[in-house]
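First comes the structure, then the notes that go with it.
Below, each value reflects all heavy atoms present in this structure, side chains not excepted, and no hydrogens, waters or symmetry copies. Note that the coordinates shown come from a computational prediction; the quantities given were computed from them, not determined experimentally. Residue numbers begin at 1 in each chain, while the letters A, B, ... track the order of the sequences.
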Amino acid sequence: MCDQTFLVNVFGSCDKCFKQRPLRPVFKKSQQLNYCSQCAEIMASDGLHESETLAALRSEAESLKGKLEEERAKLHDVELRQVAERVEALGQFVMKTRRTLKGHGNKVLCMDWCRDKRRIVSSSQDGKVIVWDSFTTNKEHAVTMPCTWVMACAYAPSGCAIACGGLDNKCSVYPLTFDKNENMAAKKKSVAMHTNYLSACSFTNSDMQILTASGDGTCALWDVESGQLLQSFHGHGADVLCLDLAPSETGNTFVSGGCDKKAMVWDMRSGQCVQAFETHESDINSVRYYPSGDAFASGSDDATCRLYDLRADREVAIYSKESIIFGASSVDFSLSGRLLFAGYNDYTINVWDVLKGVRVSILFGHENRVSTLRVSPDGTAFCSGSWDHTLRVRSPAYFPAGDRRR
Amino acid sequence: MPALHIEDLPEKEKLKMEVEQLRKEVKLQRQQVSKCSEEIKNYIEERSGEDPLVKGIPEDKNPFKEKSSCIIS
């Protein structure tokens with residue numbers, strides 16, 4: 001086969017000026033256009049202007065970033081932990097592992113609670129998605145995905161379906177059926193299609209819409225029934241790793257975190273980024289709204305967790321210790337927002353006092369990285385999933401004689 | 001399918017998007033950290049008394065208490 005390309009003098013209408021001239025092929029954004037030689041020359045000199053424009057844009061971006069820092073700094077009159085100085089300190093903390101869910105054949109990557117505060121869905125590197133009754137530890141449903149690394153899973157608000165996806169670049173919804181004769185996989189509905197892996201997914205307030213985050217750098221909102229793309233969210237400069245929806249009372253926003261070290265808050269209706277924060281020094285693996293919706297926490301590969309206040313438009317607390325050097329993979333708040341639970345790649349879970357910025361407890365038990373962590377909907381327990389193939393449900397040990405913490 | 005793949009965008013388009021976004025963000029209305037922190041503190045204090053993971057749960061009320069065998073009395 002002949003692999004030569006040669007210039008053919010085509011005569012026709014120029015794609016730029018539309019005049020009838022001899023044309024030459026010109027490549028713009030990997031698309032071939034046909035320009036006359038005059039327009040081709042203009043394009044070549046535009047290239048020179050291009051680099052001037054680039055420099056101008058870069059310097060404008062830098063000066064705007066500087067202005068943004070200035071504006072934020074003007075309002076930084078105090079630290080959160082200073083405001084919390086008089087708040088009673090939390091004492092000793094004892095959490096007991098109440099249930100260990102075993103059954104996955106490989107790393108657990110994601111989990112979510114059902115609104116019934118009892119059922120849990122989890123997904124694994126082995127391609128399996130399992131629905132558990134955490135009270136009895138029974139497996140109620142199991143489905144095998146056509147791909148490995150199912151990085152995201154979520155329970156539908158109704159409790160009647162689950163969503164999951166990963167290396168298949170899709171988010172699929174499976175209705176949960178109790179009919180023993182029905183094959184769960186048969187009713188599978190493909191909803192979201194990305195051009196790279198699915199890293200996170202969440203139903204909105206109903207079973208009708210799903211929000212997804214992907215390695216392709218975008219987030220997207222989909223209609224479950226039709227699979228139609230309702231809105232897409234562009235702005236991250238690299239893979240998006242996590243997302244969380246604002247509590248319903250706060251309105252239609254969500255926050256996402258990515259490999260570009262940015263956490264971005266989005267307006268779901270317009271698709272616009274409302275605020276962005278870039279204080280982490282590495283990938284942001286997890287983001288979670290604070291219960292009131294006025295703030296959110298993040299966990300990152302830089303071994304810190306941080307709290308960002310949306311009305312102050314800045315980071316207001318950082319949860320770190322010199323001894324913690326491994327990345328935080330997953331974070332969640334207790335019901336009141338007083339505690340921040342964070343799972344780390346050094347196999348531990350650290351519990352932070354959100355107000356005072358200190359660690360109140362360190363929890364051991366997992367035999368590999370903690371990859372996912374969620375507090376139950378009524379705040380009575382929390383579940384962690386790990387690369388050690390298991391999930392653990394923990395809740396406080398209670399000391400009935402006097403105050404358990406003194 | 002999402003309309004853009006971020007890597008396909010030329011540098012200039014990415015920068016234009018970034019500059020437009022920064023212009024919007026600079027104009028945001030912000031509040032003092034002291035005021036916001038006060039509100040966070042109050043929110044938590046109002047609720048932490050009822051926060052099971054903070055105050056503990058009596059064993060008999062804990063949905064995850066150890067399963068025990070039935071005792072017929």
Side-chain angles (χ1 to χ4, degrees), chain A residues 29 50 53-54 57-58 60-61 64-65 67-68 71-72 75-78 80 83-84 87 90 98-99 135 193-195 216-218 220 229 232 234-237 273 275-276 292 294-295 309 311-314 316 334-339 354-355 375 379-382 393 395-396 398 400 404, chain B residues 1-70:
Chain A
K29 287 191 207 179
E50 190 90 354
T53 323
L54 275 175
L57 281 171
R58 270 191 207 112
E60 187 176 358
L64 280 169
K65 280 186 195 167
K67 187 99 188 8
L68 195 53
E71 293 297 314
R72 284 172 166 167
L75 298 159
H76 187 199
D77 51 350
V78 80
L80 174 61
V83 167
V87 176
L90 294 166
R98 301 286 180 169
R99 302 286 188 273
F135 287 3
M193 285 276 293
H194 278 278
T195 52
D216 66 14
T218 71
L229 172 69
S232 63
H234 302 271
H236 277 287
C273 168
Q275 289 165 274
S292 73
D294 293 323
D309 189 304
R311 293 152 314 164
D313 187 39
R314 61 171 298 124
V316 292
S334 69
L335 208 63
S336 64
R338 180 70 195 265
L339 300 171
V354 169
L355 291 177
V375 171
T380 56
F382 69 94
V393 178
S395 72
Y398 188 72
R404 70 186 194 98
Chain B
M1 208 170 291
L4 303 165
H5 192 168
I6 206 82
E7 283 121 52
D8 289 342
L9 285 181
E11 185 75 21
K12 188 167 158 200
E13 296 306 316
K14 279 197 227 176
L15 277 171
K16 269 197 193 160
M17 271 169 70
E18 195 183 342
V19 168
E20 259 176 60
Q21 181 61 33
L22 285 165
R23 283 188 191 141
K24 265 189 260 169
E25 287 178 32
V26 169
K27 295 197 191 130
L28 212 65
Q29 294 272 41
R30 295 176 186 84
Q31 291 181 28
Q32 298 271 40
V33 174
S34 51
K35 177 165 180 271
C36 300
S37 300
E38 199 65 39
E39 285 178 31
I40 290 180
K41 186 189 74 143
N42 292 338
Y43 182 93
I44 288 178
E45 292 204 285
E46 278 165 32
R47 288 164 184 76
S48 54
E50 293 312 306
D51 185 337
L53 291 168
V54 171
K55 70 174 172 72
I57 311 165
E59 204 63 20
D60 57 341
K61 294 215 167 51
N62 191 337
F64 289 100
K65 65 173 178 282
E66 310 308 312
K67 298 176 271 191
S68 53
S69 46
C70 291

Inter-residue atom distance [X].[atom1] - [Y].[atom2], 0.5 Å rounding:
| X | Y | atom1 | atom2 | answer |
| --- | --- | --- | --- | --- |
| B/Ile40 | A/Leu355 | CD1 | CG | 8.0 Å |
| B/Glu11 | A/Thr53 | CD | OG1 | 12.5 Å |
| A/Ser292 | B/Arg47 | OG | CZ | 8.0 Å |
| B/Glu25 | A/Cys273 | CD | SG | 5.0 Å |
| B/Asp51 | A/Ser336 | CG | OG | 3.5 Å |
| B/Ser48 | A/Leu90 | OG | CG | 7.5 Å |

Would you mind reporting whether [Y] and [X] have side-chain heavy atoms less than 4.5 Å apart?
| X | Y | answer |
| --- | --- | --- |
| B/Val54 | A/Leu339 | yes |
| A/Arg58 | B/Leu15 | yes |
| B/Lys16 | A/Leu57 | yes |

For [X] against [Y], the heavy-atom pair lying closest together:
| X | Y | value |
| --- | --- | --- |
| A/Gly379 | B/Leu53 | O-CG, 3.3 Å |
| B/Asn62 | A/Pro396 | ND2-O, 4.0 Å |
| B/Pro63 | A/Thr380 | CG-OG1, 4.0 Å |

Handout entry: Contacting region of B/Glu38 [heavy-atom separation from chain A under 4.5 Å]
Key = both
Exercise for the section: Please flag which part of B/Glu46 lies under 4.5 Å from any non-hydrogen atom of chain A: side chain, backbone, both or neither. Expected result: neither
Handout entry: Criterion side chain to side chain contact (heavy atoms under 4.5 Å, CB included) on B/Gln21 and A/Gln275, from CA distance to verdict
Key = CA-CA 9 Å; B/Gln21 181 61 33; A/Gln275 289 165 274; over 6 Å; no
Problem - Check ion pair A/Glu60-B/Arg23 (N to O, under 4.0 angstrom) - result: yes
Handout entry: Salt bridge flag under 4.0 Å for residues B/Glu59 and A/Arg98
Key = yes
Handout entry: Side-chain donor/acceptor of B/Arg30 to backbone N/O of A/Arg72, under 3.5 Å
Key = no
Practice task
Would you mind checking which part of A/Val83 comes under 4.5 Å of any heavy atom in chain B, side chain (CB onward), backbone (N, CA, C, O), both or neither?
Solution key: both
Completion exercise
So, the part of A/Arg314 with a heavy atom under 4.5 Å from chain B: the answer is side chain
Practice task
Would you sort out whether A/Val87 and B/Lys41 count as a side chain to side chain contact (heavy atoms under 4.5 Å, CB included), showing the intermediate values?
Solution key: CA-CA 8 Å; A/Val87 176; B/Lys41 186 189 74 143; 3.6 Å; yes
Exercise for the section: Please name all residues satisfying salt bridge (Lys or Arg N to Asp or Glu O under 4.0 Å) with A/Glu71, sequence neighbours left out, ordered by chain then number. Expected result: A/Lys67, A/Lys74
Exercise for the section: Could you tell me which residues satisfy salt bridge (Lys or Arg N to Asp or Glu O under 4.0 Å) with A/Asp309, sequence neighbours excluded, listed by chain and number? Expected result: A/Arg311
Practice task
Evaluate the criterion side chain to side chain contact (heavy atoms under 4.5 Å, CB included) for residue pair B/Val26 and A/Leu64; output intermediate values, then yes/no.
Solution key: CA-CA 7 Å; B/Val26 169; A/Leu64 280 169; 4.1 Å; yes
